[in-house]
Each structure stands twice: as structure tokens, then as C-alpha cells.
Amino acid sequence: MIVYDTITETRSFAERTRQSGKTIGFVPTMGALHEGHLSLVRKAKQENDVVIVSIFVNPIQFNNPDDLKKYPRTLENDLNMLAAVNCDAVFNPSVQEMYPEKVEKTYDFGELANVMEGAFRPGHFNGVAVVVQKLFEITLPHKAYFGEKDYQQLQIIKALVKIEKLSPVIVACPISREKDGLARSSRNERLTPAMRAAAPYIHMVLEEARSLSTAHNAIQIINFVVAKFSDHPLLKLEYFSISDGETLQPVSGTIHPGNYGFIAVFAGEIRLIDNIRLI
Ligand code: PAF
């Protein structure tokens, strides 16, 4: 496995790979890798000749400076994990390498970016889109892999590909969960033992919401979920939304096939998100 830290070397590796007729699968990450990331790499390995993974904690997608400062950084461990799943190349640039100048680019994702994560984390999706477009230009992937835990991000990336006429095929990968149901996330590492023990409650409530959704309307389900968190000692609900899986716009009446429940919860200062297809 080769590790590059410059754009020039990575791009020339990608160009050589393409010139030799091989396909490239790309998995963008912010490091602090876990089994969820590895499942994306394994899928990328199955579907492509060569897999490139980027490890870059992208400062411009953090709306909260403290979250950026405390984001886990575990490079040595990440590289060992990637070598073990036969990743071919890693791109691990510095902030200066990626952003030698102030980033001015802004995208218009319309209503897709104004709800849920977009509403609670201003500027987040613009920062994600800037880095993903740049990473695509460096790694030249045929296919790029994104997890459905960040479901809204996935829809934004699909919109980015359309708006900017980018070539990679976007491959959506199912949420990877711990045995107790907690969605895998790099931020889970920051949970205290008590919070970690409490956190599977999020997925449990989502499952309950799903089991109620054929017989109840969206407002009833939302009230149910809000009540489930109202006096929880460790978990504080930020939002629960029932939304269409394509447009991400909120649903208030009958729940239809393709509607999802989207949730954001604070465990202390650690923000966890999850989602479930309701019908
Ligand atoms: O999902 C993530 O880890 C990040 O948002 C991504 C796609 C690597 C962009 O920084």
C-alpha cells in the first residue's frame, strides 16, 4: 500500500492507473476508521481493480470548531487497518496541501441542503461538496463509495455529481452497526462508557418508530419519538424528521414507501446521527 501526501503524486498515480486500463474505486474518509469504513473499502475492492482511500479531516465542513479540534485522529491505526484489507493507495494530505488559498466556491443544492443536517450545521454541506469535488479531481475514480448513515450527505453528493457533471458513479452502502444496533461512527470513540451503553437506544427507538409507521401518521410517530427522549438522562434529541428519501422534504401525513426517519441526538457534547427506512 502506497501512502501519498501530495496532490501531484496521487493524481499521477491515478492517471497511470487509468492509462493502464484499470478501474479506480475511491473511498473518502476523515480517518478514525472503523468496520463501517472497511466495509466500503471491501466493496470498492470487489468492484474495481485499484482502491484509493483518502484520510483528511476537512476543516471547512465543521461548523463547530470544538468538534474539529476533538475529532479523533488515529493515522497509524488507520493505515494498518487499510493495509489489512488490501487497500492500494492512501491520500493523506495536509490542510495547506488541500487549501493553499481561501475557499470561495459555493454550491446551490436548494431544498436538499436546507433541512436536517443542513439546517443545524450551516455551511457543512458546502464544505463537504468542496472537498469531495476536489478529491474526485485528484483520485479520478470510476466509482466512489459513501455510507448511508450520512444519508443526506449521500443525496448531496449525488446532486453534486449532476450539477458539476462529474463522472464517478456514486455507490451507496448500507449503515454498518455494532451488535447492539448503534450505527458505527468515528465519533463513537469519544463516548464515555455510560454514554456508549445508552447510545443503542437511538436505533431501538428508530426500530419502534418503523414498526408503528404502517398504522400511524408522521405527526404521531414524531410525537412518539420526541416523548421517548423527553426525559432521557443522557441522550438529548436535536431533531427527528420523517422525510422523503429522495427529496428529503418533511412528511406530515400518511407515511409512504420510501419515507425515512432521520435523527440527531446529543450524548453530552457528542452528536450522533442515524436513520431508518420506515416503509
Ligand atoms: O463522510 C465523511 O467522512 C466526510 O464527510 C467526507 C465524505 C470524507 C468528506 O470530508
Side-chain angles (χ1 to χ4, degrees), residues 5 7 10 24-41 43-44 51-65 67-75 77-79 81-82 87 89-95 97-99 103 105 107 109 112-113 116-118 120-139 141 143-161 164 166 168-176 183-190 248 262 264 270-275:
D5 55 14
I7 292 174
T10 313
I24 300 174
F26 173 54
V27 182
T29 82
M30 298 205 298
L33 302 184
H34 49 69
E35 179 51 39
H37 296 109
L38 298 186
S39 68
L40 304 188
V41 178
K43 189 160 171 69
V51 171
I52 306 178
V53 173
S54 63
I55 298 178
F56 178 62
V57 182
N58 176 32
I60 66 167
Q61 73 183 73
F62 284 79
N63 57 311
N64 174 348
D67 190 26
L68 171 62
K69 208 169 93 199
K70 293 187 177 154
Y71 200 84
R73 287 159 167 88
T74 56
L75 184 62
N77 193 42
D78 293 347
L79 295 178
M81 287 167 93
L82 290 174
C87 169
V90 177
F91 176 47
N92 174 225
S94 66
V95 173
E97 178 74 6
M98 285 296 275
Y99 302 127
V103 179
K105 174 124 184 158
Y107 298 89
F109 295 114
L112 267 189
M116 301 190 289
E117 294 302 285
F120 284 91
R121 302 184 65 190
H124 169 64
F125 286 126
N126 204 74
V128 169
V130 167
V131 81
V132 168
Q133 180 162 10
K134 188 154 182 156
L135 289 168
F136 284 177
E137 285 160 6
I138 298 165
T139 59
K143 292 185 178 182
Y145 296 78
F146 293 84
E148 285 182 337
K149 183 176 78 69
D150 296 297
Y151 190 96
Q152 189 172 8
Q153 166 172 283
L154 176 65
Q155 298 306 114
I156 294 278
I157 301 298
K158 286 180 182 167
L160 171 73
V161 165
E164 298 287 315
L166 308 178
V169 172
I170 303 303
V171 183
C173 303
I175 299 178
S176 170
R184 289 198 166 98
S185 162
S186 303
R187 288 187 175 85
N188 293 352
E189 283 186 28
R190 295 182 52 215
L248 302 184
F262 294 98
I270 298 134
R271 193 168 176 279
L272 302 172
I273 60 171
D274 201 347
N275 66 77

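Counting starts at 1 for both ligands and their atoms, following the listed order.
Not one N or O on the side chain of D274 forms a donor-acceptor pair closer than 3.5 Å with the backbone of F262.
Heavy atoms only, all atoms of each residue included: R73 and L68 are closest at NH1-O, 3.1 Å.
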Report all N/O contacts between ligand 1 and the protein shorter than 3.5 Å as a table of atom names and distances to 0.1 Å; if there are none, say 'none'.
from     : atom 1 : to   : atom 2 : distance (Å)
ligand 1 : 1 (O)  : Q153 : NE2    : 2.8
ligand 1 : 5 (O)  : Q61  : NE2    : 2.9
ligand 1 : 5 (O)  : Q153 : OE1    : 2.7
ligand 1 : 10 (O) : Q61  : OE1    : 2.6

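Scored by the side-chain hydrogen bond (donor to acceptor under 3.5 Å, both in side chains) test, E137 finds Q133 as partners (sequence neighbours excluded).
Looking only at atom types and distance, the side chain of Y99 has a donor-acceptor partner in the side chain of N58 under 3.5 Å away.
Classified by interplanar angle (parallel below 30°, tilted 30° to 60°, perpendicular above 60°), the ring pair Y107/F109 is parallel.
For the pairing with F146, the side chain to side chain contact (heavy atoms under 4.5 Å, CB included) check across V132, V171, V27 returns one residue only, V132.
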